[in-house]
Asks: 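Quick one: the structure is below, questions incoming.
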Amino acid sequence: MSLPFSAQLLVRLLLFPGILFAVPAGWLCIWGEQAAVARMQRRIGPPLLAPFFDLIKLLGKRVPARHGLEAGLLRLYPVCSVFSLAAALALLPVFPETAHGFPMDGLLLVALLELPSVLFLLAGFTSGSVYAETSALREAILTLLNDSVFLLAFITLAITARSLHIAAMAAPARNPGHWIAVLAILFCLPVRLRLNPFSTAAGERETHAGPLSDYAGTALGLWETACALEWVALTGLVAVLVLPASGAWWIHALLFLALILTQVLLLAALAAGTARFTLEQSIGFYARWVAALLAIASFAGIWLRVRL
Amino acid sequence: MRIWDRLMHLARRRSPRLCHLNSGSCNGCDIELLSCFSPRYDIEQLGVRVEGNPRHADVLCVTGPVTRNTVGAVKEAWSEICEPRAVVALGSCTASANVFAGSPTIAGPVSRHIPVDIYVPGCPPHPDAIIDGITRAAQILADRGVPAGLQPDRHAPAAEQGIQP
């Protein structure tokens, strides 16, 4: 790739792995998860184009107008989420051999990945609906637990790679600390994607739609698009961290897709095979297992750094 | 019909989201509605999904006669669903209050409070009949979104509607 940096960034933002690729891929992930769960329950499951039809249908809904600052904010949150995730996708080094990104772009990537979950909570608290606020509170507790683990995993990756450059973190010189951190990020995915057994807030969603209770029409469609992008961005991050170092660009692209689909199947199996945790059980799980895992990873990272 | 209208028509027909509301049912119809989502009937393969929130739904599925306590809930749930929307009344109780007719706790059949598009008869109705009712409601939903004058004529002969014999 001999394109200038700005052109490369534009291609990454708009084409691959940006919006043009990620939105259909996200729909495929959502459909894949639902279809895999359905197959495990001996059902056929939803049609392939169901997420696409959902979005089109929502665009055609006639929603009563809301006015004022609150209405503007409620419209702004999903738009920001979509752009934030598209930008996060553009930063993923899918082709590691090409010159990519800038120093400390890992920090920006984490911020861009974290922003949608914060906006999701804000959407619940801003809406003024008591149902949305209750769900947002439950979601906030889970997000706080999950994000602390996610950030610790990221710090571990940075320590083991001795860099905050995402391409360096995904570089081939990987040690046990790296793999444990990747495993911890994998543990974070069901919470971020609101799947079983960490779908505690979905217990509220099944009765009144969670923090998005007050959303309808185009804004809800944008949230669903953000959800699709979140699937690709998070599973894509894990894929980038385990991709092999060398090979042709098309092999990398195919492996990237294959790793995303593998994670979708794993998450579907986990969602179908487990019952929902209560909030207390989720906190206990994180405190006992994931935090311990990360403590080991951080220790391994620091030890390796001191030793070498 | 323009391409966008055609696409919208197709999308509304292929992804109806249900909001289930028990307005005073004995739970017979509710159990039959749930069995539509079981592996035997698997209505999800038609793109149908259940939503807990009426704001996210397209079709309101009401079961049971409307009791005095649920009149407000029925009207509110219906008004919360954004246009275009459809209402499916499941079972005999929604149509006539059935054995509960004349009870002082009953505020009449569903149609007295909100407009009903499809009635699915039976006490309780068979899941096949419920699935048929929901797919018809999805068709109504799709037709309702199409601008006036562009709607297909349902009373025209099959060949004119584009249906192959």
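Lettering of chains follows the sequences in order, A, B, ..., and the numbering in each one begins at 1. Not measured: the values here are computed from a predicted model.
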Asks: Between Pro64(A) and chain B, which part of the residue has a heavy atom less than 4.5 Å away: side chain, backbone, both or neither?
Replies: side chain
Asks: For Arg49(B), is it the side chain, the backbone, both or neither that has a heavy atom under 4.5 Å from a heavy atom of chain A?
Replies: side chain
Asks: In a check of side-chain contact (heavy atoms from CB on, under 4.5 Å) between Pro116(A) and each of Cys227(A), Cys80(A), Ser84(A), Pro78(A), which one passes?
Replies: Ser84(A)
Asks: Might you work through the side-chain hydrogen bond (donor to acceptor under 3.5 Å, both in side chains) test for Ser38(B) and Ser35(B), ending with a clear yes or no?
Replies: CA-CA 5 Å; Ser38(B) 66; Ser35(B) 67; 5.2 Å; no
Asks: Only heavy atoms, only distances under 4.5 angstrom. Which residues in residues 32-48 of chain A are near chain B?
Replies: Gln34(A), Gln41(A), Arg42(A), Arg43(A), Ile44(A), Gly45(A), Pro46(A), Pro47(A)
Asks: Examine whether an atom of Phe37(B) lies under 4.5 Å from a heavy atom of chain A, and if so say whether it belongs to the side chain, the backbone or both; otherwise answer neither.
Replies: backbone
Asks: Between Thr274(A) and Asn196(A), do the side chains contain an N or O donor and an N or O acceptor separated by less than 3.5 Å?
Replies: no
Asks: Can a salt bridge be assigned to the pair Arg194(A) and Glu139(A) using a cut-off of 4.0 Å between side-chain N and carboxylate O?
Replies: yes
Asks: CD of Glu230(A) to OG1 of Thr235(A): how many Å apart, nearest 0.5 Å?
Replies: 10.5 Å
Asks: For the aromatic rings, using the six-membered ring if either is Trp, is the centroid distance between Tyr77(A) and Trp223(A) under 6.0 Å?
Replies: no
Asks: Would you check if Thr94(B) and Val116(B) make a side-chain contact, meaning some heavy-atom pair closer than 4.5 Å?
Replies: no
Asks: Applying a heavy-atom distance below 4.5 Å, give me the residues of residues 106-115 of chain B that approach chain A, sorted by number.
Replies: none
Asks: Considering only NZ, NE, NH1 and NH2 on the basic side and carboxylate oxygens on the acidic side, decide whether Arg192(A) and Glu114(A) come within less than 4.0 Å.
Replies: yes
Asks: Between Tyr215(A) and Ser127(A), is any side-chain donor less than 3.5 angstrom from a side-chain acceptor?
Replies: no
Asks: Would Lys61(A) and Asp58(B) pass as an ion pair if we require N to O under 4.0 Å?
Replies: yes
Asks: With a 4.5 Å limit on heavy-atom distance, are the side chains of Leu237(A) and Leu113(A) in contact?
Replies: yes
Asks: By a 4.5 Å heavy-atom criterion (distance strictly below it), what part of Leu55(A) contacts chain B: side chain, backbone, both, or neither?
Replies: neither
